[in-house]
Amino acid sequence: MSARRPLVVHVTGARPNFPKAAPVLQALGEHDVDQLLVHTGQHYDDRMSTVFFTELGLPRPDVDLGVGSGPHGAQTAAAMVGLEQVLTQRRPDLVVVYGDVNSTVAAALVASKLHIPVAHVEAGLRSFDRRMPEEINRMVTDRISDLLLVTCQDAADNLAAEGTDPTAVHLVGNPMIDTLLRHRHRLDPARVTAALGLPDAGSYVAATLHRPGNVDEEAYARTVVGSLHAVADQCPVVLPLHPRSRPKLAAVGLTDHPQVVAVDPLGYLDFLSLVQGSAVVVTDSGGVQEETTVLGIPCLTLRPSTERPVTITHGTNVLTTHEQLPAAVAGTLAAGRPAPGSTPVPPLWDGRAGPRIATVLARSLGLG
Ligand code: UD1
Ligand code: UDP
């Protein structure tokens, strides 16, 4: 009788998880393992979830826990209850978790208490701002993970400063960038700008906002909207908005300006086409800071801190405030878009992170 192949369970739940998981699943498929994809269902709308499976060629989830939305405790707990059942039943040899969302920490907690090794993809990022729920998720997940796959040297340095065993840390590059580079040839700014009624590529701002710090509190959201209106005085601003931000920003007058276009979240290819055609991106997203760096599109991040400082030192990212934003956009528009290939890209963001991660995971399972 042949020995059972090692079983690896990948846990995803929210939009930013999918472009990170896709290259890892694909590369690990080249190794002698069985894989199971669990979707917690933290995100469930077609445009927050299904579209990524279709566009990125991700396999359909083997299990969808359907946990849906809710306060942090309820959502994380629901994911834990569902994951505990799956992991107890399937007894995998390794659980792989991605990024910093509630599903990530839920899976890490459950797996580690079942004594199943945990690999954290995108470990070590720190904003040093514990008011961000993601920062808590990152810290807890890293603390209880057995393998820490990092995208950049500063993440490894953060883990070292926290006393993490250096043999558990592997600098592998950025799998989200594997996905971007793999699908880059499919981006079509002209198609998306035509569909949205926007002017030509290079003459609009693309923006995303969903961080609680920017959109949750009404008075603050109003100042953010005032700042966006001052940007829209200069050129059109198109915002594909997360379902929780759109009503909050609409309630404080976002679309009262004729040059503001607010739309539902876009699919991955449409969104990155929009980014590719923009003069500058304004965002509070983590992943978008990385994608603009690789596409060479100027990025103004509307946050006091970033867990991705490498996109500032080796990319196109600049932190800004709502007071500074209109002038920062004006300066960027005046400077024009950088020539293609003229901006730096962090080391190992080369489209080969997935295979590197798969090699580390396979070795940990005693393969090759
Ligand atoms: C989550 C992640 C955040 C990530 C963001 C967007 C955590 C702690 N936060 O925040 O890191 O940047 O997703 O990718 O995990 N909703 C829908 N449809 C959906 C999903 C959500 O309408 O498919 C609405 C619901 O009203 C829900 C709200 O969005 O209450 C919040 O969703 P949730 O995933 O709980 O948190 P996010 O704020 O999206
Ligand atoms: N994204 C998308 N459609 C949108 C906005 C973002 O496909 O309308 C993609 C984006 O290109 C990136 C990912 O979603 O791959 C980032 O997710 P998000 O900003 O929700 O989360 P964060 O990175 O802030 O955790």
Side-chain angles (χ1 to χ4, degrees), residues 12-22 39-56 66-76 78-79 97-107 122 125 127 131-138 140-141 151 174-180 183-184 187 192 196 206-216 238-248 262-276 278 281 283-295 297 299 301-303 306-308 311:
T12 59
R15 177 167 71 180
N17 292 160
F18 308 127
K20 297 167 193 173
H39 186 354
T40 64
Q42 176 175 343
H43 286 173
Y44 43 86
D45 286 347
D46 279 356
R47 287 176 173 214
M48 299 294 287
S49 175
T50 322
V51 70
F52 290 86
F53 288 82
T54 317
E55 292 187 342
L56 304 184
V67 303
S69 300
H72 284 264
Q75 184 179 60
T76 309
V97 302
Y98 298 86
D100 55 18
V101 301
N102 286 343
S103 302
T104 311
V105 71
E122 201 188 82
L125 299 184
S127 66
R131 289 166 308 165
M132 291 183 74
E134 293 84 0
E135 183 75 353
I136 310 289
N137 293 344
R138 291 178 202 120
V140 174
T141 303
T151 54
N174 192 330
M176 192 172 215
I177 300 307
D178 288 21
T179 298
L180 174 60
H183 296 282
R184 191 174 186 171
L187 304 185
V192 175
L196 293 173
T208 76
L209 291 175
H210 63 270
R211 295 263 96 82
N214 278 329
V215 301
D216 274 5
V238 57
L239 300 105
L241 283 177
H242 183 289
R244 63 193 282 281
S245 327
R246 194 166 174 186
K248 289 180 178 177
V263 296
D264 283 336
L266 296 175
Y268 180 80
L269 296 174
D270 281 354
F271 177 72
L272 286 169
S273 297
L274 183 77
V275 167
Q276 170 105 306
S278 67
V281 166
T283 193
D284 58 14
S285 160
V288 175
Q289 295 171 57
E290 299 181 341
E291 291 164 336
T292 45
T293 272
V294 170
L295 291 172
I297 304 292
C299 179
T301 295
L302 196 54
R303 283 178 41 188
T306 179
E307 63 289 335
R308 293 163 162 91
T311 60

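We use all heavy atoms of the structure for the numbers below, so side chains are in, but hydrogens, waters and symmetry mates are not. Atoms within a ligand are numbered from 1 in the order they appear, just like the ligands themselves.
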Enquirer: Tell me which part of Y268 gets within contact of ligand 2: side chain, backbone, both or neither, using heavy atoms under 4.0 Å.
Expert: both
Enquirer: Among Q75, E134, H210, R244, whose heavy atom sits nearest atom 35 (O) of ligand 1?
Expert: Q75
Enquirer: Numbering the atoms of ligand 1 from 1, which are under 4.0 Å from a heavy atom of M48?
Expert: 23 (O)
Enquirer: Using side-chain contact (heavy atoms from CB on, under 4.5 Å) as the criterion, point out the one residue from T76, T104, N102 that pairs with Q42.
Expert: N102
Enquirer: Output, in order, the C-alpha distance, side-chain angles, deciding distance and verdict of ring pair (Phe, Tyr, Trp, His ring centres under 6.0 Å) for H39 and F18.
Expert: CA-CA 10 Å; H39 186 354; F18 308 127; 5.3 Å; yes
Enquirer: P265 to ligand 2: N or O pair under 3.5 Å?
Expert: no
Enquirer: Measure the distance from atom 27 (C) of ligand 1 to every protein heavy atom, then report the residue, atom name and distance (to 0.1 Å) of the closest one.
Expert: S69 OG, 3.1 Å
Enquirer: Give a yes-or-no answer on whether the side chains of Q75 and S69 include a donor-acceptor pair shorter than 3.5 Å.
Expert: no
Enquirer: I need the contact type for P19 against ligand 2. Using non-hydrogen atoms and a strict under-4.0 Å cut-off, is it side chain, backbone, both or neither?
Expert: side chain
Enquirer: Measure the distance from atom 34 (O) of ligand 1 to every protein heavy atom, then report the residue, atom name and distance (to 0.1 Å) of the closest one.
Expert: H43 NE2, 2.8 Å
Enquirer: Less than 4.0 Å between a side-chain N and a carboxylate O, is that true for E290 and K20?
Expert: no
Enquirer: Ion pair present between D100 and R138, side-chain N to carboxylate O less than 4.0 angstrom?
Expert: yes
Enquirer: I need the atoms of ligand 1 closer than 4.0 Å to a non-hydrogen atom of P243, numbered in the order shown.
Expert: 16 (N), 17 (C), 18 (N), 22 (O)
Enquirer: Give me the nearest non-hydrogen protein atom to atom 8 (C) of ligand 1 as residue plus atom name, then the distance to 0.1 Å.
Expert: N102 OD1, 3.2 Å
Enquirer: So that I can tick it off, tell me whether R246 and D264 are bridged by a salt bridge, with the cut-off set at under 4.0 angstrom between side-chain N and carboxylate O.
Expert: yes
Enquirer: Can you report which non-hydrogen protein atom sits closest to atom 18 (N) of ligand 1, along with the distance?
Expert: D45 OD2, 2.9 Å
Enquirer: Charged N to carboxylate O below 4.0 Å: is that the case for R211 and D216?
Expert: no
Enquirer: If the cut-off is 4.0 Å to any non-hydrogen atom of P16, which atoms of ligand 1 fall inside it?
Expert: 14 (O)
Enquirer: Among all the protein's non-hydrogen atoms, which is closest to atom 39 (O) of ligand 1, and how far away is it?
Expert: H242 NE2, 2.5 Å
Enquirer: What protein heavy atom sits nearest atom 19 (C) of ligand 1, and how far off is it?
Expert: Y44 CZ, 3.5 Å
Enquirer: Assess M176 for proximity to ligand 2: is some non-hydrogen atom of it under 4.0 Å away?
Expert: yes
Enquirer: With a 4.0 Å cut-off on heavy atoms, is R47 in contact with ligand 1?
Expert: no
Enquirer: Could you establish whether E134 and ligand 2 come within less than 4.0 Å of each other, counting only heavy atoms on the residue side?
Expert: no
Enquirer: What atoms of ligand 2 come within less than 4.0 Å of a heavy atom belonging to G267?
Expert: 7 (O)
Enquirer: Is there a polar contact, in the sense of an N or O pair closer than 3.5 Å, between T208 and ligand 2?
Expert: no
Enquirer: Using a 4.0 Å heavy-atom cut-off, which part of H210 comes near ligand 2: side chain, backbone, both, or neither?
Expert: side chain
Enquirer: Quick check: does Q42 get an N/O under 3.5 Å from an N/O on ligand 1?
Expert: yes
